[in-house]
Amino acid sequence: MNSAKKNIENILNTDRFMFRIGELSQMTGVSARQLRYWEKKGYIQSEAREDGQRARVYSFKSFVKVSLIKEFLDQGFTLPAAVDKMTEQGKRMSELHQLYHNAYHGLGFYEDQLWVNMGYFDDEKTKILLAHVGDDDDVHYRVMPEEEVAEKLEKIGPETLPGPPMP
DNA sequence: CTTCTGACA
DNA sequence: TGTCAGGA
């Protein structure tokens with residue numbers, strides 16, 4: 001596996017990101033005191049620590065949640081209201097993610113272009129729909145037999161996207 | 001050095 | 001919410 005492919009997979013794989021409370025605090029501008037309080041209230045949660053450690057560990061999803069709450073707080077909403085807004089926006093993000101997840105089946109190079117594998121084009125599942133953004137900023141499509149894709153498309157990214165940013 | 005819980009001049 | 005104590 002080449003390094004470019006590894007890099008892309010690492011960037012996309014948010015599931016493995018883990019932050020300690022001090023890190024999350026600096027990243028979001030929310031104090032550690034607030035993070036602990038929000039957790040006690042059930043607004044956010046830290047990962048269960050199975051390694052016997054007492055220090056909290058937060059996932060990328062928690063980072064997204066905290067960022068959203070912080071945003072709404074800065075807009076003047078009360079904490080409970082900000083949490084509600086965060087939950088609502090999280091649902092929209094999940095719906096969008098489902099769309100991306102269904103449309104994305106990998107990345108690859110072909111004819112000096114970066115293509116997105118968008119999955120089967122036909123119900124018989126013999127042809128693949130590919131798309132790329134041209135220099136004109138327009139999206140161009142191409143339908144190609146699955147076997148041809150397998151031999152001509154130089155894969156560089158993961159086959160699937162990581163889990164949704166919100167539970 | 002960082003994090004944790006409990007408490008409050 | 002901030003901050004300090006007293007441990008882990």
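Just so it is clear, the values below take in all heavy atoms, side chains as well, and ignore hydrogens, waters and symmetry mates. In this text, all values refer to a predicted model and were calculated from it rather than measured experimentally.
Nearest to the side-chain atoms of A/R36 among the listed nucleotides C/dT1, C/dG2, B/dT3 stands B/dT3. Of the candidate nucleotides B/dC4, C/dG2, B/dT2, B/dC4 has the atom nearest to the side chain of A/I21.
Atoms CZ (A/F19) and P (B/dT3) sit 14 Å apart, rounded to a whole Å. Rounded to whole Å, the distance from CD on A/E39 to P on B/dG6 is 13 Å. Following rounding to the nearest Å, A/R54 (CZ) and C/dA8 (P) show an atom-to-atom distance of 10 Å. For the pair A/Y58 OH and B/dC4 C1', the interatomic distance rounds to 11 Å; values are reported in whole Å. Look at OH on A/Y37: it is 16 Å from C1' on B/dT5, rounded to the nearest Å. Atom CD of A/Q34 and atom P of B/dC4 are 15 Å apart (whole Å). Here the C1' atom of nucleotide B/dC4 and the CZ atom of A/R20 are 12 Å apart, to the nearest Å. The distance between atom NZ of A/K40 and atom P of B/dA7, rounded to the nearest whole Å, is 10 Å.
Between A/R92 and A/E88 there is a salt bridge, since a side-chain N of the basic residue sits under 4.0 Å from a carboxylate O of the acidic one.
With a 4.5 Å cut-off on side-chain heavy atoms, A/L114 and A/H132 do not count as touching.
A cation-pi arrangement is not found for A/K152 relative to A/Y110, the charged atom failing to lie both closer than 6.0 Å to the ring centre and inside a 45° cone about the ring normal.
When the side-chain nitrogen and oxygen atoms of A/R56 are compared with OP1 and OP2 of B/dC4, one or more of them lie within a distance under 4.0 Å.
Using a 4.5 Å cut-off between side-chain heavy atoms of Ile, Leu, Val, Met, Phe, Trp and Tyr, with links allowed through other members, A/V64 and A/V57 fall into different hydrophobic clusters.
Pair check for B/dC4 finds C/dG6; Watson-Crick or G-U wobble, both atom distances under 3.5 Å.
For C/dT3, the base has a donor-acceptor partner in the side chain of A/R33 [N/O atoms by modelled type, under 3.5 angstrom].
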